[in-house]
Amino acid sequence: QADYENICYRMPAKFGSIKRVSAQRDPESQKRNLNLYVISEDPFGNLIQTNSAIKNNLKTWLNQYRMINDTIDILNPYIINLGIEFSVRVISGSDKYTTIDNCINALGSSYSSGFFIGESFSISDVYQILGSVPGVLDVLRVRVFCKTGTDYSSATIDINNNLSPSGDQLIIPKNAIVELKYPSTDITGKAR
C-alpha cells in the first residue's frame, strides 16, 4: 500500500499534481482491491478535489507499477474544515491582544503544512502549542468545531462522537482529510 503512495508522489508534474494520497485495502472487496484517496490544492494552497484528468493520468502512471492481481479505485476523500476556539490566561503585565494574535499565529504556522488523509487531529497538541506562546500563563479551554457554509466543504463530522476516550484526539475517518482553511479567521481566542 505504501509503495503505491510513493509511486503516486513520483508521478511527473507534467501529468498534474496531488497534495496527499492514501492507499487503503478495500474492506468490502474479496479481491486485492485498493482504494486510493487523492486530494489536490488550488493556487492558494487550499484543498480541492482532484480533477478527472489528473486521476486518469495517475491511473495510467500506476498501471506500469501495478501488481497483476491488484485493482485500484481512485477516490476523493471528504474535506473536513475545522475551526478552533480557545481561551487562555495571560501572564500579569502581558498585553492580551498581542498574546491572542501570537497564539493564532502559532497555531496557524503549526498547521500550515496541512494534514494527511485519515490523520487524527490532536487537541492536546493545540493545548501544547498555546501553552508555549510567550505571555500565556495557562490554557483554559480549547473547542474544535466544523466550519460550514460558503467557501467551506459541505462534509462535517460529529465532534463529540469522534473523540478518543481520553478526549485528546479527534478521530478522522480514513476517507477524510482535515483542513484549517483560513487560519486567521478560523482560529479565534479570548484572554483573561
Side-chain angles (χ1 to χ4, degrees), residues 1-27 33-67 70-84 104-126 128-129 144-159 162 164 169-188:
Q1 294 167 344
D3 289 345
Y4 283 114
E5 292 175 12
N6 293 330
I7 291 166
C8 290
Y9 287 126
R10 291 197 322 258
M11 183 173 75
K14 67 181 180 183
F15 297 131
S17 86
I18 50 175
K19 170 79 173 171
R20 298 281 190 246
V21 62
S22 176
Q24 303 170 24
R25 288 254 170 251
D26 185 345
N33 190 52
L34 281 177
N35 289 336
L36 198 65
Y37 292 95
V38 294
I39 196 86
S40 297
E41 61 183 1
D42 68 13
F44 306 104
N46 297 319
L47 296 178
I48 55 171
Q49 301 293 346
T50 303
N51 67 43
S52 56
I54 295 174
K55 286 181 184 172
N56 288 334
N57 290 343
L58 183 58
K59 196 157 199 131
T60 303
W61 173 254
L62 286 171
N63 273 338
Q64 60 190 322
Y65 301 100
R66 186 174 59 85
M67 302 283 283
D70 284 352
T71 57
I72 299 173
D73 292 326
I74 300 176
L75 306 168
N76 293 319
Y78 295 102
I79 300 169
I80 299 172
N81 295 121
L82 291 183
I84 301 172
I104 291 169
N105 291 335
L107 287 171
S109 64
S110 291
Y111 298 122
S112 63
S113 62
F115 295 85
F116 291 94
I117 297 167
E119 178 183 3
S120 293
F121 182 84
S122 173
I123 297 167
S124 58
D125 282 356
V126 177
Q128 186 177 356
I129 293 162
V144 177
F145 57 97
C146 290
K147 296 288 289 188
T148 56
T150 309
D151 290 341
Y152 293 102
S153 165
S154 60
T156 61
I157 187 173
D158 185 319
I159 302 291
N162 286 284
S164 64
Q169 296 275 329
L170 176 60
I171 309 302
I172 302 299
K174 295 296 181 197
N175 63 344
I177 185 169
V178 165
E179 179 182 41
L180 283 166
K181 192 168 189 176
Y182 306 114
S184 59
T185 54
D186 294 345
I187 303 171
T188 58

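Residues: numbered from 1 along the sequence shown. Here the structure is a predicted model, which means the values were calculated and not measured.
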I'd like to know if the side chain of [X] and the backbone of [Y] have a donor-acceptor N/O pair within less than 3.5 Å.
{"X": "Lys147", "Y": "Tyr182", "value": "no"}
{"X": "Asn81", "Y": "Ser153", "value": "yes"}
{"X": "Thr50", "Y": "Asn76", "value": "no"}

Run the salt bridge (Lys or Arg N to Asp or Glu O under 4.0 Å) test against Glu41 and tell me which residues pass, sequence neighbours left out.
Lys19
With sequence neighbours excluded, what pairs up with Lys55 under the salt bridge (Lys or Arg N to Asp or Glu O under 4.0 Å) test?
none
For Ile104, side chain to side chain contact (heavy atoms under 4.5 Å, CB included) partners two or more places apart
Phe86, Ile100, Ile187
Indicate yes or no: at least one non-hydrogen side-chain atom of [X] is less than 4.5 angstrom from one of [Y].
{"X": "Gln64", "Y": "Ile7", "answer": "no"}
{"X": "Leu36", "Y": "Leu58", "answer": "yes"}
{"X": "Trp61", "Y": "Pro12", "answer": "yes"}
{"X": "Gln49", "Y": "Ile39", "answer": "yes"}
{"X": "Thr148", "Y": "Thr156", "answer": "yes"}
{"X": "Pro183", "Y": "Leu107", "answer": "no"}
{"X": "Glu5", "Y": "Phe116", "answer": "no"}
{"X": "Leu82", "Y": "Leu170", "answer": "yes"}

Distance, nearest 0.5 Å, that separates [atom1] of [X] from [atom2] of [Y]:
{"X": "Tyr37", "Y": "Cys8", "atom1": "OH", "atom2": "SG", "answer": "14.0 Å"}
{"X": "Asn51", "Y": "Asn57", "atom1": "CG", "atom2": "CG", "answer": "8.5 Å"}
{"X": "Ser124", "Y": "Ile129", "atom1": "OG", "atom2": "CD1", "answer": "9.5 Å"}
{"X": "Ile74", "Y": "Ile54", "atom1": "CD1", "atom2": "CD1", "answer": "11.0 Å"}
{"X": "Asp125", "Y": "Gln169", "atom1": "CG", "atom2": "CD", "answer": "7.0 Å"}
{"X": "Ile171", "Y": "Ser120", "atom1": "CD1", "atom2": "OG", "answer": "4.0 Å"}

Over all atoms of both residues, closest heavy-atom pair of [X] and [Y]:
{"X": "Ile18", "Y": "Val21", "answer": "CD1-CB, 4.2 Å"}
{"X": "Ile79", "Y": "Glu179", "answer": "CG2-OE1, 3.7 Å"}
{"X": "Tyr65", "Y": "Arg10", "answer": "CE2-NH2, 4.1 Å"}
{"X": "Ile123", "Y": "Val144", "answer": "CG1-CG2, 4.0 Å"}
{"X": "Met11", "Y": "Gly16", "answer": "CE-O, 3.4 Å"}
{"X": "Glu119", "Y": "Ile172", "answer": "O-CG1, 3.2 Å"}

Parallel, tilted or perpendicular, judged at 30° and 60°: which one describes the rings of Phe121 and Phe115?
tilted
Should the heavy atoms of other residues, nucleotides or ligands under 6.0 Å from [atom1] of [X] be counted, would the total exceed 12?
{"X": "Tyr78", "atom1": "OH", "value": "no"}
{"X": "Gln128", "atom1": "CD", "value": "no"}
{"X": "Lys59", "atom1": "NZ", "value": "yes"}

I'd like to know if the side chain of Asp186 pairs up with that of Tyr111 as donor and acceptor (distance under 3.5 Å, no hydrogens or angles considered).
no
